[in-house]
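Keep in mind the model is a prediction, meaning the values are calculated, not measured. Naming: A, B, ... by sequence-line order, numbering from 1 per chain.
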Amino acid sequence: EPEVTQTPSHQVTQMGQEVILRCVPISNHLYFYWYRQILGQKVEFLVSFYNNEISEKSEIFDDQFSVERPDGSNFTLKIRSTKLEDSAMYFCASIPGRGFDGTEAFFGQGTRLTVV
Amino acid sequence: KQEVTQIPAALSVPEGENLVLNCSFTDSAIYNLQWFRQDPGKGLTSLLLIQSSQREQTSGRLNASLDKSSGRSTLYIAASQPGDSATYLCAVDRAGGTSYGKLTFGQGTILTVHP
């Protein structure tokens with residue numbers, strides 16, 4: 001069964017360093033998302049991406065964050081200068097497209113980012 | 001702004017019980033509602049998706065209902081098993097606009113089924 005794949009599963013980084021979280025969405029999906037979950041809190045939306053551009057971003061997604069789909073398969077989230085409060089589980093998700101059967105969201109297993 | 005609330009926050013039941021998890025949302029203009037399962041430290045596994053035009057969906061021992069007008073959904077788990085122990089998350093996808101597929105999550109119900 002097709003699945004969303006995220007790497008790495010766990011990343012430890014020093015405050016101020018840049019990190020790139022990688023995702024391979026399901027191949028025929030059109031809409032891509034990043035969410036994050038701080039320990040003990042709700043899963044919260046960061047950004048949505050469609051047709052090679054951001055379609056919506058949350059207040060959390062400030063200038064330190066960027067997303068890219070550099071080729072036909074990868075979808076990346078970059079944090080330029082990490083802060084302690086960026087420590088969280090980051091989830092990538094994808095959706096096939098609009099339509100009656102095309103709205104189920106598929107999530108990856110997450111990348112646990114620890115900023116020290 | 002859409003708010004999603006899940007009750008109870010935690011539930012502990014003996015094996016074999018039937019149980020109900022509740023989800024409420026403040027804005028009834030949704031495209032669909034999805035229930036997920038999350039094991040500790042793991043990702044989100046989709047359990048059921050209910051389109052806004054549907055009233056319920058079933059998968060095995062799971063049944064989810066949706067009352068869009070009152071802003072409520074329930075997840076019914078029949079004959080619970082220890083392997084059902086996990087956090088159950090409800091998420092709504094609001095309708096229209098550029099934010100297609102953007103999910104708003106509840107805080108989850110932590111379910112423990114003991115033998």
*Asks:* Does any heavy atom of chain B fall under 4.5 Å from the side chain of A:Tyr35, the backbone, both, or neither of them?
*Replies:*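 The answer is the side chain of A:Tyr35.
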*Asks:* Considering only distance and modelled atom types, tabulate donor-acceptor pairs under 3.5 Å from the side chains of residues 58-66 of chain B, sequence neighbours left out.
*Replies:*
from    : atom 1 : to      : atom 2 : distance (Å)
B:Thr58 : OG1    : B:Asn63 : ND2    : 2.8
B:Arg61 : NH1    : B:Ala78 : O      : 2.9
B:Arg61 : NH1    : B:Ala79 : O      : 3.3
B:Arg61 : NH1    : B:Asp84 : OD2    : 3.0
B:Arg61 : NH2    : B:Asp84 : OD1    : 2.8
B:Arg61 : NH2    : B:Asp84 : OD2    : 3.2
B:Asn63 : ND2    : B:Glu56 : OE1    : 2.7
B:Ser65 : OG     : B:Thr74 : OG1    : 2.6

*Asks:* Just so I know, are the side chains of B:Lys102 and A:Ser48 near enough to count as touching, which here means a heavy-atom distance under 4.5 Å?
*Replies:*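 In short, these two side chains do not touch, never coming nearer than 4.5 Å.
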*Asks:* Is there a chain of hydrophobic side chains (I, L, V, M, F, W, Y, each step under 4.5 Å between heavy atoms) that links A:Ile26 to A:Tyr33?
*Replies:*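 In one cluster with A:Ile26: A:Tyr33, no.
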*Asks:* Between B:Phe105 and A:Phe45 (judged by ring centroids, cut-off 6.0 Å), do the two rings come close enough to count as a pair?
*Replies:*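 No: the rings miss the under 6.0 Å criterion.
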*Asks:* Flag yes if A:Val24 and A:Val4 sit in one hydrophobic cluster, no otherwise; membership is Ile, Leu, Val, Met, Phe, Trp, Tyr, and two members link when side-chain heavy atoms are under 4.5 Å apart.
*Replies:*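 Looking at the clustering, A:Val4 is in a separate group from A:Val24.
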*Asks:* Quick one: does A:Gln41's side chain get under 4.5 Å of B:Gln107's, heavy atoms only?
*Replies:*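 No; the side chains remain at least 4.5 Å from each other.
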*Asks:* Please indicate whether A:Gln14 has more than 12 foreign heavy atoms, meaning atoms of other residues, nucleotides or ligands, lying under 6.0 Å from its CD.
*Replies:*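 No.
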*Asks:* Hydrophobic clusters here meaning ILVMFWY residues chained together by side-chain heavy-atom distances under 4.5 Å, can you tell me if A:Tyr90 and B:Leu89 are in one?
*Replies:*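 No: no chain of side-chain contacts under 4.5 Å links A:Tyr90 to B:Leu89.
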*Asks:* Locate the shortest heavy-atom distance separating B:Gln38 from A:Gln37; write the atom from each residue and the value.
*Replies:*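 For B:Gln38 versus A:Gln37, the nearest heavy atoms are NE2-OE1, 2.9 Å.
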*Asks:* Which heavy atom in B:Ser46 sits nearest to a heavy atom in A:Ala105, and how many Å separate them?
*Replies:*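 So the two residues come closest at CB-O, 4.2 Å.
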*Asks:* Drop me the distance from B:Asp93's CG to A:Glu104's CD, to the nearest 0.5 angstrom.
*Replies:*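 B:Asp93 CG to A:Glu104 CD: 12.0 Å, rounded to 0.5 Å.
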*Asks:* Are A:Phe65 and A:Trp34 joined in one hydrophobic group, where the rule is that I, L, V, M, F, W and Y side chains link up if heavy atoms are under 4.5 Å apart?
*Replies:*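 Per the 4.5 Å side-chain linkage, A:Phe65 and A:Trp34 are co-clustered.
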*Asks:* Please name the pair of heavy atoms, one in B:Val4 and one in A:Lys42, separated by the smallest distance, quoted to 0.1 Å.
*Replies:*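 Looking at all heavy atoms of both residues, the closest pair is O-NZ, 3.0 Å.
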*Asks:* In terms of hydrophobic clustering (I, L, V, M, F, W, Y; side-chain heavy atoms under 4.5 Å; direct or indirect links), are A:Ile79 and A:Met15 co-clustered?
*Replies:*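 Yes, A:Ile79 and A:Met15 fall within the same hydrophobic cluster.
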*Asks:* Is the shortest heavy-atom distance from the side chain of A:Phe107 to the side chain of B:Leu103 under 4.5 Å?
*Replies:*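 Side chain of A:Phe107 against side chain of B:Leu103, heavy atoms only: contact under 4.5 Å found.
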